[in-house]
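A quick write-up on the structure given underneath.
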Amino acid sequence: MRKLHIKGFLLVALAVLTVMGIGYQTVPADAATYRTVSTESLKTTAYHKKSTKGAVYNQSHTRKIANLKSYPNTTWYVSKKVVLRHGKTNAVYYYAINGRHTVKGLIWHGYLKQGKAPFVLKKAKAAVAVNEETGKVVWSKHANTSRPIASVSKIMTLYLVLQKIHTTSAKWSDHVKTSNRGLVAMGNSYACGGFRFKSGHKYTVQELYYAALLDSSNNAAIALGQWVSGSNAKFINKMNAQAKHWNLGKAHFVSASGLENSDLRQFGYNYGSANANEVSAKDVAYIAQHLIQDYPQVLKDGQIGSKKVNGQTCYNYNNLLKGRKYYQASLKVDGLKTGYTPLAGYCFVGTAKKSGHNRIITVVLHDEDEFTETRSLMNYVYKNNLDK
């Protein structure tokens with residue numbers, strides 16, 4: 001009975017204190033179990049998380065501020081070493097703050113590793129950054145793995161078109177055959193087209209070049225390939241021969257446009273046994289390098305936001321260009337090619353030449369945020385002078 005009376009008395013007392021406005025705060029059970037043994041100031045040093053575990057605590061270790069897993073790829077700047085006693089054991093903690101100065105506190109030393117957090121792209125399944133002049137790979141993620149590349153394939157198609165223009169008697173004003181029933185049907189397809197071939201109009205090489213480069217027109221790319229080599233099959237063989245000539249061992253083509261055979265079959269343009277063009281991010285970058293170095297006019301053309309071609313607007317989907325959502329003036333992005341199919345995901349070949357730096361080529365394959373990640377990669381390369 002005495003225990004009940006005491007309990008009741010405490011409840012009444014608590015109620016009275018609450019009514020009187022005196023605050024009552026619950027103290028964590030382990031609040032008194034950590035005691036500061038020593039504190040040592042250190043020269044501020046960069047660390048990063050080496051484990052998926054761990055948390056950030058306040059200086060008395062009575063309150064968890066954040067879980068380390070909520071801050072992946074974060075550099076923590078350590079300025080103090082703190083020894084806390086817990087029961088009969090001493091533990092070493094670091095007092096750290098993140099680079100954005102939004103979180104600070106104690107982190108057990110075993111969860112941190114000295115050095116800055118490595119740069120990562122979380123969403124791209126493969127990516128690379130290359131020095132355009134030397135071809136040196138300056139950053140990569142699964143860059144040697146062949147993957148479907150969708151309309152990024154058109155940089156090879158356009159290279160071979162430009163090659164014919166510059167090395168033979170062919171002219172920009174040459175007419176390209178576009179009357180094939182499959183090409184006309186493809187242009188009328190919402191999923192596979194983009195550029196409609198109007199009956200009776202004779203399209204020039206230059207018109208279809210802009211349609212393929214800017215609007216990523218699939219039927220324009222196939223028609224250009226047939227103009228280059230005489231047939232779709234011969235052109236695809238030429239694509240593969242060119243890749244072999246450049247020693248691109250992770251490149252294989254079955255399509256001039258980048259569409260997969262599963263889509264091309266309905267239009268009569270499927271070719272080969274594989275379903276898709278499969279090229280590694282590094283080999284895509286090297287194709288872009290050859291295109292830029294051999295035919296630099298593509299950089300000027302790649303900056304065109306939109307262009308009327310025989311009454312149709314060809315829209316450039318590169319959203320790193322001036323006036324677009326992800327534009328950053330200091331990067332000076334001037335190309336190069338977007339791509340998407342459900343199989344390949346969002347792909348993008350970018351190129352930029354920041355003032356005082358070398359030109360770089362970046363590739364992201366099967367991304368979900370291709371422009372943001374490309375911009376992040378470009379900034380990382382330039383900030384750390386990896387372009388040198």
Side-chain angles (χ1 to χ4, degrees), residues 28 34 36 39-84 91-129 138-142 319-322 324-333 346 348 350 352 354-357 360 362 364 367-388:
Y34 285 86
T36 302
T39 300
E40 178 186 352
S41 294
L42 304 173
K43 180 181 178 181
T44 301
T45 306
Y47 283 76
H48 67 276
K49 183 167 64 74
K50 75 173 186 180
S51 169
T52 57
K53 301 177 182 179
V56 183
Y57 287 88
N58 65 344
Q59 293 193 62
S60 57
H61 206 292
T62 58
R63 179 170 57 88
K64 182 191 292 186
I65 296 172
N67 288 313
L68 286 180
K69 68 179 181 181
S70 299
Y71 293 86
N73 314 310
T74 299
T75 299
W76 297 91
Y77 294 91
V78 171
S79 59
K80 294 179 184 178
K81 182 171 76 172
V82 180
V83 178
L84 298 180
V92 175
Y93 286 78
Y94 289 136
Y95 181 77
I97 185 169
N98 66 345
R100 294 185 176 182
H101 287 211
T102 57
V103 180
K104 58 185 177 181
L106 295 178
I107 302 174
W108 182 57
H109 77 283
Y111 291 135
L112 295 178
K113 180 179 181 180
Q114 191 168 332
K116 290 187 176 182
F119 174 79
V120 299
L121 294 182
K122 294 187 290 185
K123 296 182 179 180
K125 291 190 176 180
V128 73
V138 299
W139 186 90
S140 66
K141 174 184 178 180
H142 305 313
N319 283 327
L320 287 173
L321 296 177
K322 187 175 182 178
R324 300 294 177 80
K325 181 178 180 180
Y326 301 99
Y327 172 68
Q328 182 181 323
S330 63
L331 287 176
K332 300 184 183 299
V333 173
Y346 290 99
F348 181 60
K354 187 174 182 178
S355 297
H357 291 265
I360 58 172
T362 59
V364 293
D367 206 334
E368 297 175 16
D369 201 357
E370 71 275 29
F371 298 116
T372 297
E373 293 212 319
T374 293
R375 186 175 62 187
S376 296
L377 178 54
M378 288 179 171
N379 279 318
Y380 174 77
V381 170
Y382 283 135
K383 180 180 179 181
N384 293 279
N385 293 314
L386 300 179
D387 59 296
K388 302 302 183 183

**OP:** Please indicate whether K64 has more than 12 foreign heavy atoms, meaning atoms of other residues, nucleotides or ligands, lying under 6.0 Å from its NZ.
**Re:** no
Original post:
Between F119 and Y380, how do the two ring planes meet: parallel, tilted or perpendicular, split at 30° and 60°?
Top reply: parallel
Subject >> Shortest non-hydrogen contact between Y382 and A352, atoms and distance >> reply: OH-O, 3.0 Å
**OP:** May I have the step-by-step check of side chain to side chain contact (heavy atoms under 4.5 Å, CB included) for T39 and Y95, ending in yes or no?
**Re:** CA-CA 10 Å; T39 300; Y95 181 77; over 6 Å; no
Original post:
Taking all atoms of both residues into account, what is the closest heavy-atom pair of W139 and A127, and its distance?
Top reply: CZ3-CB, 3.8 Å
Subject >> Student check: side-chain heavy atoms of T374 and Y326 closer than 4.5 Å >> reply: no
**OP:** Ignoring hydrogens and angles, tell me if any N or O in the side chain of N98 forms a donor-acceptor pair with the backbone of V103 under 3.5 Å.
**Re:** yes
Original post:
Got Y34 and T62 here, is their nearest side-chain heavy-atom distance under 4.5 Å?
Top reply: no
Subject >> Between CZ on residue R324 and CG on residue L320, distance to nearest 0.5 Å >> reply: 10.0 Å
Original post:
How about D367 and F348: do any of their side-chain heavy atoms sit closer than 4.5 Å?
Top reply: no
Original post:
Do the rings of Y57 and H61 sit parallel, tilted or perpendicular, given the 30° and 60° boundaries?
Top reply: parallel
Subject >> Distance (rounded to the nearest 0.5 Å) between Y77 OH and Y47 OH >> reply: 13.0 Å
Subject >> Test side chain to side chain contact (heavy atoms under 4.5 Å, CB included) applied to V92 and K81, step by step >> reply: CA-CA 7 Å; V92 175; K81 182 171 76 172; 3.6 Å; yes
Original post:
Hey, what do you get for CZ (R63) to CD (Q59), rounding to the nearest 0.5 Å?
Top reply: 11.0 Å
Original post:
When rounded to the nearest 0.5 angstrom, what distance separates OG1 in T362 from CG in L331?
Top reply: 9.5 Å
Original post:
Just wondering, more than 12 heavy atoms not from Y346 lying within 6.0 Å of its OH?
Top reply: no
Original post:
Are side-chain heavy atoms of V333 and M378 found at a separation under 4.5 Å?
Top reply: yes
Original post:
What heavy-atom pair brings Y327 and L321 nearest, and what distance separates the two atoms?
Top reply: CB-O, 3.2 Å
**OP:** Give the C-alpha distance, both sets of side-chain angles, the deciding distance and a yes or no for side chain to side chain contact (heavy atoms under 4.5 Å, CB included) between I65 and N58.
**Re:** CA-CA 7 Å; I65 296 172; N58 65 344; 4.2 Å; yes
Original post:
Is a side-chain N or O of S70 found less than 3.5 angstrom from the main chain of L68, in a donor-acceptor match?
Top reply: no
Subject >> R375 side chain vs Q328 backbone, donor-acceptor pair below 3.5 Å >> reply: no
**OP:** Step by step, work out the side chain to side chain contact (heavy atoms under 4.5 Å, CB included) result for H357 and K388.
**Re:** CA-CA 7 Å; H357 291 265; K388 302 302 183 183; 4.0 Å; yes
**OP:** Output the distance between atom NZ (K354) and atom NZ (K332), rounded to the nearest 0.5 Å.
**Re:** 10.0 Å
**OP:** Nearest 0.5 Å please: distance from the OH atom of Y93 over to the CG atom of L84.
**Re:** 6.0 Å
Subject >> Y71 side chain near W76 side chain, heavy-atom distance below 4.5 Å >> reply: yes
Original post:
Short question: side chain of E373, backbone of V364 - any donor-acceptor pair under 3.5 Å?
Top reply: no
Original post:
Backbone N or O of S79 within a donor-acceptor pair of the T44 side chain at under 3.5 Å?
Top reply: no
Original post:
Which pair of non-hydrogen atoms, one from K116 and one from H48, has the smallest distance, and what is that distance?
Top reply: O-ND1, 3.5 Å
